[in-house]
Each structure stands twice: as C-alpha cells, then as structure tokens.
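Convention: sequence-line order gives letters A, B, ...; per-chain numbering from 1. In this text, all values refer to a predicted model and were calculated from it rather than measured experimentally.
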2 protein chains.
Amino acid sequence: MVDEPPPVIWARLSTQGRGPARTLDHAAITAVAVALADADGVDAVSMRRIAGRMDHSAMALYRHVGSKDDLTELMYDAVLGELDLTGIPSGRWRDDVARLARETRRLHHAHPWIARFGHRPTLGPHARRFSEAGLACVDGLGLDIDGMLDLLSTAMAFTRGFVEQELGEVEAQRRTGLDFAAYQRRTGPFLAKLLDEGEHPYLERLIVEAEDFPDPDVVFERRLEMVLDGLTARIDRATDGTR
Amino acid sequence: MVDEPPPVIWARLSTQGRGPARTLDHAAITAVAVALADADGVDAVSMRRIAGRMDHSAMALYRHVGSKDDLTELMYDAVLGELDLTGIPSGRWRDDVARLARETRRLHHAHPWIARFGHRPTLGPHARRFSEAGLACVDGLGLDIDGMLDLLSTAMAFTRGFVEQELGEVEAQRRTGLDFAAYQRRTGPFLAKLLDEGEHPYLERLIVEAEDFPDPDVVFERRLEMVLDGLTARIDRATDGTR
DNA sequence: TCGGGTCGTTTACGATGTACATTTCTGGAC
DNA sequence: GTCCAGAAATGTACATCGTAAACGACCCGA
C-alpha cells in the first residue's frame, strides 16, 4: 500500500541479471565524470558529455545512476578514495588530525569542484572509511563520542573553510578565464580609488604591510596549528576534570 | 591598442545619462534575485524568472548586471549588508570575533545559497565594511597585519566550514524534497545492514552513544570556543615573545 | 533640431536534465 | 530446445537555461 522508500544509492548498485550484457557500470561512469570535472570544471559535467566519452547515449547512464544528483554523490565518494590514510591512527592524535587536514586540503586542490555540491553526509564506502579513521585518531583521549566528534569536526570544518576560500580564486579563474594578473589589472583602478578615499584603513594596511605573496601551504600550517592548540586545550580541560 | 580591462562590477554601476528613463536598476534586480533564491533555492534563480517578476524581458537585465556571474557577486554583497556590526569593535576581541562568527552563521542560515558560489573576495561595499570591522577587532593585540589576518581568517574559515556541513542537510532537503525522516527511512535498512557487518565500530558508537538530537547552536558555540582558545594561545605566544 | 547613446524587446541558438516509448538482447523456467 | 519476462541501451521530445544580435523607442547635449 504505502510506497517503498527508494533505497539509497549505495544499496542500489546494480548487479547483472537477465538481459543484454551490460556495457556500462556506475564506477566507469563516475570515473569519466570525475575526469571531466577535473579537466573542464564542474559545469562541464553533463550527462550527454559523459555519455559521449563512453560512446553511449545520454539516457543509457540513467540505467546506472538514477539521477545527476546521485552521480554527484558517487563522484564525491569516489574521490574520497584517493585519501591516503595509511598508518592512521598512529597513536599521536595531533599528528594524525593534522595529516587528515592536509590530506583533505590536497584532495580539494586536486578536485576543486568537490565543495560545490551541497551534500548530506554520504554513506559511501570511502566516506565511511574516512569517518572511521578520523574518529579512531581521537579515541582514547578521555573524551566521549560527542567530544571526539567535536575535535574531528572542528578541525575538518576549519579545513573546509580554508580550502574553500583558497579555491574561490582558482575556480573563478577557470570560470572567467582571467588569471590573477588580469584580475588585478581589472581591479587596480577601482582599488586605487578606494584607497584614495581613505575610508579603508585596514584594506590599506593589507596592501602596504602584509606579506605580498605568502606561501599558501605555510599559511595553512600556521592556522592549522592554532586550531590544534584549541583542541589541545579542550582535551586538557576534559582530563583535568577527571583527574 | 591593447584592450582596456573591463572594469570590475563595482566600478560599473551605471548612472542615468542620455536615453529613456530607466525602469530597472541593479539593486532592484539583486533584491528580486535574493528573494527568489531564499524562497526556491539557488537553482530557481534564472534571468527569465527574475525578469518575469519585474515585468520585464530577460535581456533587459543585462543592461544592468553584465552577466549572471556579476549578479551572483551582487547578491552576495547585498546579503552581507544584513550583518549586524553595531558596537564592533568593542575592545574585547574574543567577544567580537565570536559575534562575527555567529552573525556569519546566522546569515548563512537565512540565505543557504551563499556558499554555493565560488567567489574571489569581492570588493563590494558590504564586504569591505565587514573586513574593516573584522580586522579592527583583532587590532592592538601586539600582532602585525598578517597575524591579525590569521586570527580573523581562522575563525571565519571554521565558521564557513561548520555552516556548510550544517547546510548540506538543509539544501539537500530542499533539492530532493525529502525531509530528514524520509531520508532516514530511505537510509535505515542500508545502515542496519552496515552495522550488522560490524566493520564500523565508530559509526555504531555514533548511533548508540552520541546525543540524539544535539542543539546545533550549542554544538557551534562549543566548537567555536575551541577555536577561540586556539587564537588565544597564538596571541599569548606573540606577546610573551615581546615581553 | 537632430544625432548619438541608452533602455528595453524580440528573436534565435546551442546547451541542459530527463520523461517516455521503442528496440535489442539474454538467462532461466518449462 | 524453446520461449518470454525483464534488463540494457537508444531515439525522440520537451521545457528550460544563459546570452548574442538586431532592432525600435526614447531623451539629453550640442
């Protein structure tokens, strides 16, 4: 009587039954989609284009992925598989969390489109592997599961936010075809006018006093250390309380 | 000889000159676009739909905004204008930064589409106001401008990342038309199977031990405190060095 | 007064996601 | 060995998208 809820994509990955031998599968489709997104940006990922690369019709894909939304979830999880988690957890939580953060950042740089989807936390195999590894890193520190989640999620939230700001630049560059120099040429006159008006003291200090081309890796490490210090404080507080 | 660089949108906001009296302007267009995005999601924002609401043709908008990309930048800055920055800076940096974080989060909840654009830092008036206020909060703590930027950017990166995770759920709900309960119904059987296999100890602990419906505001505050502790450590280190 | 620039419209093009109907193939039941 | 339910893939079609191009209506400064 009541509609069966359509199962989540991960429970629906098809298997061979009756019918013609399949010439497509979700993994291959996902791989092509990822390659397309990497090469030409997320807007270049269209069902027709994916199908074209695989010498199939667009509609053939729907036999395997359900919808484009499903496909993005598959793409996201596929790419999580590239995370290198060997040797995690090591027993040194701070090193581990830092490594997870660096790996996450590296992944976003390799696939700048990752953050462009709004997802529920996916239940894909690689996402699960990541969660398990992450929580293992912050286990045994005297925190309950909510506390552990606080540590991990805070570090990851910082990382996501940092990376997103970084990638705003990169993505805009690709989208508009304007590199940073061209952007500065475009921006320059307006910026000069703003500074002339003298209403933006901090903007002025940023231009005059700030380091000109800071190494983004160094900046990331420096700020990550701050966040990790915050986590340390939390752990200390929890352990003091029970000591 | 060489092409003039087309000026940045903020330098191009048109003023009345020769020609028919204008019946449109960028502010009105932006307002309608924001309203549309709020009501029906960012995918509902199309030039035709905006124009329709204003009883104009789609192409009329292009007299005022140049491109849809420009429009998103206008939308973003417009919405930044809703930030309440009264009384900032107060002289208590920690309170101020916390308030900026809360305000930012509030803004993202009011306009869940904000993070879906990848932007360069915009030069719009409200973005400038926000930067100035933010940096003012962390001035006078004995840090140079790069250090100040570290404090502010770290707190904001955390906030963005946190909010984005929160909103993944909300946006997916709107996009798919499935509320959380329906999602759980869909997910449930698969999740049960996973737990049965016993390969996901932490996933299991999350379900069994973690607080069931944590208040997101409380979680945010708790994690924000951790980040602010990290900033404090950084400030202390800087001041110790010079003392 | 009138020419040139501004505002808005109309028409058009090549995309997009995907619903629907159709054809082509095959594994398992008899 | 035969046959057919059902799966795989295709082709066609529709509504919608961003925006280029050509055009007429308007109005200010010369």
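- Atom CE of B:Met54 and atom P of C:dC7 are 15 Å apart (whole Å).
- Within the structure, no pair that satisfies the salt bridge (Lys or Arg N to Asp or Glu O under 4.0 Å) test touches residues 29-55 of chain B, not counting sequence neighbours.
- The interatomic distance linking A:Ile50 (CD1) with C:dT18 (C1') rounds to 14 Å, in whole Å.
- Protein atom CZ of B:Arg63 is 12 Å distant from nucleotide atom C1' of D:dC26, rounded to whole Å.
- Between A:His56 atom NE2 and C:dT24 atom P the separation is 17 Å, expressed in whole Å.
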Check the pair B:Glu166 / B:His108 against side chain to side chain donor-acceptor pair (under 3.5 Å), numbers first and verdict last.
-> CA-CA 10 Å; B:Glu166 271 188 298; B:His108 276 78; over 6 Å; no
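- Residue B:Arg22 places at least one side-chain N or O under 4.0 Å from the OP1 or OP2 atom of C:dC7.
- Regarding A:Asp55, its CG atom lies at a distance of 14 Å from the C1' atom of D:dT10, rounded to whole Å.
- Remark: C1' of D:dC17 and CG of B:Asp69 are 14 Å apart, rounded to the nearest angstrom.
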Might you list the N or O atoms of the protein lying below 3.5 Å from N or O atoms in nucleotides 27-30 of chain D, with each pair's distance?
unit_1	atom_1	unit_2	atom_2	d
D:dC27	O4'	B:Gly19	O	3.2

For A:Arg129 and A:Glu132, run salt bridge (charged side-chain N to carboxylate O under 4.0 Å, His left out): C-alpha distance rounded to whole Å, both residues' side-chain angles, the deciding distance at 0.1 Å, then the answer.
-> CA-CA 5 Å; A:Arg129 182 183 70 125; A:Glu132 292 293 323; over 6 Å; no
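- Protein atom NE2 of A:His26 is 17 Å distant from nucleotide atom C1' of D:dA8, rounded to whole Å.
- For A:Glu82 and A:His111, the side-chain atoms include at least one donor-acceptor pair closer than 3.5 Å.
- For the side-chain hydrogen bond (donor to acceptor under 3.5 Å, both in side chains) test, residues two or more places apart in sequence or in another chain that qualify with B:Asp150 are A:Arg222, A:Arg223, B:Arg234.
- Applying the side-chain contact (heavy atoms from CB on, under 4.5 Å) test to A:Pro121 and every residue at least two apart in sequence or in another chain returns nothing.
- A close approach under 4.0 Å does not occur between any side-chain nitrogen or oxygen of A:Ser67 and OP1 or OP2 of C:dT18.
- For A:Ser67, there are no side-chain hydrogen bond (donor to acceptor under 3.5 Å, both in side chains) partners, not counting sequence neighbours.
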Taking only nitrogen or oxygen atoms into account, show me every contact under 3.5 Å that the protein makes with nucleotides 10-17 of chain C, one pair per line with its distance.
unit_1	atom_1	unit_2	atom_2	d
C:dT16	OP1	A:Ser46	OG	2.9
C:dT16	OP1	A:Arg49	NH2	3.4
C:dG17	OP1	A:Lys68	NZ	2.7
C:dG17	OP2	A:Met47	N	3.0
C:dG17	N7	A:Arg48	NH2	2.6
C:dG17	O6	A:Arg48	NH2	2.7

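- When the C1' atom of D:dG18 is taken as reference, atom CG of B:Asp70 falls 13 Å away, rounded to whole Å.
- Listed pair B:His64 / C:dC7 fails the phosphate criterion, with no side-chain N or O lying under 4.0 Å from OP1 or OP2.
- Under the 6.0 Å distance and 45° angle rule, B:Arg105 counts as a cation-pi partner of B:Phe220.
- A:Ala33 and A:Val45 get closest at one heavy-atom pair: O-CG2, 3.7 Å.
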